[in-house]
Amino acid sequence: MMKTDTIAAIATAMTNSGIGIIRISGDDAIPIIKKIFRPKNAKKDMEHVESYTAHYGFIEEEGEVIDECIVLIMRAPSTYTKEDVVEIDSHGGVVVMRKILELVFKNGARPADPGEFTKRAFLNGRIDLSQAEAVMDLISAKNEFAMESSLKQLRGSVKRKIEQLRKQIIHQVAFIESALDDPEHYSVDGYGEELLEILRPVKQEVERLIATSSDGKILKEGIKTAIVGKPNAGKSSLLNVMVGEDRAIVTEIAGTTRDTLEESIHIHGIPLQLIDTAGIRDTQDIVEKIGVTKAKDTLDEADLVLYVIDGSKEIDENDEEIMSLIQGKKVITLVNKADLGKKVNVDYIKERVQGEVIVVSAKEETGIDEFYSALKDMFFEGQLEFNDEIYITNMRHKTALMNAKESLMQVEMSIEQEMPEDFYSIDLMNAYEELGFIIGESLEEDLVNEIFREFCMGK
């Protein structure tokens, strides 16, 4: 544990509430609380009370009571930061919390930087970097799946997997270095083929982790879902049905939606970022043209496209253009306005568009359950229960994995080209270091600081 200055911050939301928590961490945390806290039991000496005990009393400044509170004492190294930690549970008024915090600063602490408590936990070796990042993911989790994934990472799921892969790689590096230094006792005859057999499962596991990043992004952020179609197909009506309120303006006038409209919802636990877009058609209206351009850009960036067709009319050139634009995307096609009678050729749509084609009526809310079932099947193979698989939810982790894969592929190429063994060692070490970046090995200080700057204050 490194010796550091003492930091403090308000760890709860800055709003009027029943309880507010001020957190202090560092070598002077307990001496500071002794200066400003008067226990109800006057015989208590705060510097000598046992760890993980709570004490009732008063925060005072020059004999004047500021607040009645509970003080929690937690002694190093069995704390979140592995330093002495004190938490003051005061009343949650903004004014009183700020006044207590100012008093803590006046007696020797300094303001904590965003994420500095977790940064100290990392620097003091209590958690690795992937676990530290999982803390922030847990705080910002938007759904149960994201919460479960963050908890698994916080418990070390990513750390254990990465350490396992690195152990296999470094063992081979050590063998190569030993063979190069002492060829009399370590033979490398046929070693290239042997190394290939060892590295194949390592590379496959790296590839599997990379492949989970798409699902991991969805778990963390939600499925970015673009609702597209020509004007007056019923896109906004569908949005209102899914949201459960009249969120978008719906009229009989084509082209009502000129800009994108976004809503976050959950369907049977699946998080969706719904984006209602302007109707895609050839138009001379300058404002509508901008909306059409934004609709096409949104479509390109979407994880899922909900293509809404007016089933009461035949397919026209605007539909044909949209069907061309959505090629290669994950698509669920909703043939809307079933209540008005069906004129569209559903079989033709199935030939032109991949994915499910479902007949619905946004007005009468029919076919919606079938759409929801198709959504589940598409993204979770019909299983909403969270399984034990590790999901990569962090873009930094994905980049490091991709770099590691590239290095492992270079090793394979060197073996196939019968290059000297020291070539293997260079690329194996590159893969080892790239994987190390995920858990905080070999990281530069600037990158560490950048990562923790994204954290909220008091954590």
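For the single chain, residues carry numbers from 1 onward in sequence order.
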Peer 1: Rounded to the nearest 0.5 Å, how far apart are CD1 of I438 and CG of L165?
Peer 2: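 It comes to 9.0 Å.
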Peer 1: Kindly give the heavy-atom pair with the smallest separation between T81 and S25, and that separation in Å.
Peer 2: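 Distance-wise, the nearest heavy atoms are OG1-OG, 2.8 Å.
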Peer 1: Test: side chain to side chain donor-acceptor pair (under 3.5 Å). Region: residues 46-55. Which pairs qualify, not counting sequence neighbours?
Peer 2: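 Counting only pairs at least two positions apart or across chains, the side chain to side chain donor-acceptor pair (under 3.5 Å) contacts touching residues 46-55 are K34-E47, K44-H55, D45-H48, T53-H55.
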Peer 1: Determine the minimum heavy-atom distance between C69 and F37, stating which atoms define it.
Peer 2: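 Taking C69 first and F37 second, the nearest heavy atoms are SG-CE1, 3.9 Å.
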Peer 1: Could you give me the CA-CA distance, side-chain angles and deciding distance for L304 and L375, then say whether side-chain contact (heavy atoms from CB on, under 4.5 Å) is met?
Peer 2: CA-CA 9 Å; L304 170 67; L375 179 67; 3.5 Å; yes
Peer 1: When you compare the side chain of K405 with that of I210, does any pair of heavy atoms fall below 4.5 Å?
Peer 2: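 Yes, at least one pair of side-chain atoms sits under 4.5 Å.
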Peer 1: Determine whether a donor-acceptor pair (N or O, by modelled atom type, separation under 3.5 Å) exists between the side chain of E193 and the backbone of G190.
Peer 2: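 Here the side-chain-to-backbone pair does not exist.
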Peer 1: With sequence neighbours excluded, tell me which residues meet side-chain hydrogen bond (donor to acceptor under 3.5 Å, both in side chains) with H171.
Peer 2: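 Not a single residue meets the side-chain hydrogen bond (donor to acceptor under 3.5 Å, both in side chains) criterion with H171.
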Peer 1: Of the non-hydrogen atoms in I439 and K159, which two are nearest, and what is the gap between them?
Peer 2: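 Smallest heavy-atom distance, with atoms named: CG2-CA, 3.9 Å.
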Peer 1: Could you go step by step and tell me if K203 and E412 meet the salt bridge (charged side-chain N to carboxylate O under 4.0 Å, His left out) rule?
Peer 2: CA-CA 10 Å; K203 192 181 82 167; E412 290 178 337; 3.1 Å; yes
Peer 1: Any donor-acceptor pair under 3.5 Å linking the side chain of S407 with the backbone of L428?
Peer 2: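 Looks like no, no N/O pair under 3.5 Å.
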Peer 1: At what distance, to the nearest 0.5 angstrom, does CG of L435 lie from CD1 of I169?
Peer 2: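 Interatomic distance, L435 CG to I169 CD1, rounded to 0.5 Å: 5.0 Å.
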Peer 1: Using modelled atom types only, decide if a donor and an acceptor are shared between the side chain of D128 and the backbone of Q131 within a distance under 3.5 Å.
Peer 2: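 A pair under 3.5 Å: yes.
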Peer 1: Pairing donors with acceptors under 3.5 angstrom, does anything connect the side chains of S425 and E177?
Peer 2: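 E177 and S425 do have a side-chain donor-acceptor pair below 3.5 Å.
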Peer 1: Can you list the residues that meet the side-chain hydrogen bond (donor to acceptor under 3.5 Å, both in side chains) rule with N403, with sequence neighbours excluded?
Peer 2: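 Per chain and number, N403 pairs via side-chain hydrogen bond (donor to acceptor under 3.5 Å, both in side chains) with E434.
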Peer 1: Using atom types as modelled and distance alone, determine if a side-chain donor or acceptor of D89 lies under 3.5 Å from a backbone N or O of G20.
Peer 2: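 Here the side-chain-to-backbone pair does not exist.
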Peer 1: Got a donor-acceptor contact below 3.5 angstrom from the S17 side chain to the A13 backbone?
Peer 2: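 The answer is no, because no donor-acceptor pair under 3.5 Å joins these two groups.
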Peer 1: Do Y191 and Q172 pair up side chain to side chain, a donor and an acceptor below 3.5 Å, judged on atom types alone?
Peer 2: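 On atom types as modelled, these side chains qualify, holding a pair under 3.5 Å.
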Peer 1: With a 4.0 Å cut-off, would you call K35 and E61 a salt bridge?
Peer 2: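 E61 and K35: not salt-bridged.
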Peer 1: For atom CD1 of I198, is the number of surrounding heavy atoms from other residues, nucleotides or ligands below 6.0 Å larger than 12?
Peer 2: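 Yes, the 6.0 Å shell around CD1 holds more than 12 heavy atoms from other groups.
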Peer 1: Just by modelled atom types, is the V49 backbone N or O under 3.5 Å from a matching donor or acceptor in the R75 side chain?
Peer 2: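 Answer holds: yes.
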Peer 1: Go through the steps to decide whether E406 and M402 satisfy the test side-chain contact (heavy atoms from CB on, under 4.5 Å), and finish with yes or no.
Peer 2: CA-CA 6 Å; E406 182 65 30; M402 292 177 70; over 6 Å; no
Peer 1: Working to the nearest 0.5 Å, report the span between CG of L408 and CE of M413.
Peer 2: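 The distance works out to 13.0 Å.
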Peer 1: Start with the C-alpha gap between V86 and I73, add the side-chain angles, then the distance that decides, and say whether side-chain contact (heavy atoms from CB on, under 4.5 Å) holds.
Peer 2: CA-CA 5 Å; V86 173; I73 300 292; 3.8 Å; yes
Peer 1: Quick one: side-chain hydrogen bond (donor to acceptor under 3.5 Å, both in side chains) partners of Y424, sequence neighbours excluded?
Peer 2: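 Checked Y424 against side-chain hydrogen bond (donor to acceptor under 3.5 Å, both in side chains); zero matches.
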Peer 1: Once rounded to the nearest 0.5 Å, what's the spacing between atom NZ of K296 and atom CD1 of I322?
Peer 2: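 Rounded to the nearest 0.5 Å, the NZ-CD1 separation comes to 9.0 Å.
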Peer 1: Are R110 and E116 ion-paired here, with the side-chain N under 4.0 Å from a carboxylate O?
Peer 2: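 Looking at R110 and E116, the cut-off is met.
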Peer 1: Is there a donor-acceptor contact under 3.5 Å linking the side chains of Y56 and N41?
Peer 2: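 No.
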Peer 1: Could you check if a side-chain atom of R120 sits within less than 4.5 angstrom of a side-chain atom of I7, using non-hydrogen atoms only?
Peer 2: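 Sidechains of I7 and R120: in contact.
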Peer 1: Under the rule for salt bridge (Lys or Arg N to Asp or Glu O under 4.0 Å), what residues qualify as partners of E87, not counting sequence neighbours?
Peer 2: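 E87 satisfies salt bridge (Lys or Arg N to Asp or Glu O under 4.0 Å) with R23 once adjacent residues are dropped.
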Peer 1: When rounded to the nearest 0.5 angstrom, what is the spacing between CD1 in I32 and CD1 in I88?
Peer 2: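 So the gap between those two atoms works out to 9.5 Å.
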Peer 1: Look at R160 together with E163 and state whether they make a salt bridge at an N to O cut-off of under 4.0 Å.
Peer 2: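 No.
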Peer 1: Check this for me: does any side-chain nitrogen of one of D303 and K330 sit under 4.0 Å from a carboxylate oxygen of the other?
Peer 2: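 Salt bridge between D303 and K330, a charged N being under 4.0 Å from a carboxylate O: no.
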Peer 1: How far apart are the closest heavy atoms of F117 and A112, and which atoms are they?
Peer 2: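 Heavy-atom minimum between the residues: CE1-CB, 3.8 Å.
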Peer 1: Run the numbers on E301 and K329 for salt bridge (charged side-chain N to carboxylate O under 4.0 Å, His left out), then give the verdict.
Peer 2: CA-CA 10 Å; E301 298 169 359; K329 303 289 291 185; over 6 Å; no
Peer 1: Between the main-chain N or O of A233 and the side-chain N or O of N336, is there a donor-acceptor pair closer than 3.5 Å?
Peer 2: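 Yes; at least one donor-acceptor contact below 3.5 Å.
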Peer 1: Quick one: does any side-chain atom of D84 pair with a main-chain N or O of A76 as donor and acceptor, under 3.5 Å?
Peer 2: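 Yes, D84 side chain to A76 backbone: donor-acceptor pair under 3.5 Å.
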Peer 1: Run the numbers on V360 and V335 for side-chain contact (heavy atoms from CB on, under 4.5 Å), then give the verdict.
Peer 2: CA-CA 6 Å; V360 302; V335 181; over 6 Å; no
Peer 1: Is a side-chain donor or acceptor of Q327 paired with a backbone partner of R352 at a separation under 3.5 angstrom?
Peer 2: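 Checked: pair present.
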Peer 1: Please tabulate, for the side chains in residues 415-423, all donor-acceptor contacts under 3.5 angstrom to protein atoms that are two or more places apart in sequence or on a different chain.
Peer 2:
none

Peer 1: Atom NZ of K106 and atom CG of L103: how far apart are they, to the nearest 0.5 Å?
Peer 2: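 It comes to 6.5 Å.
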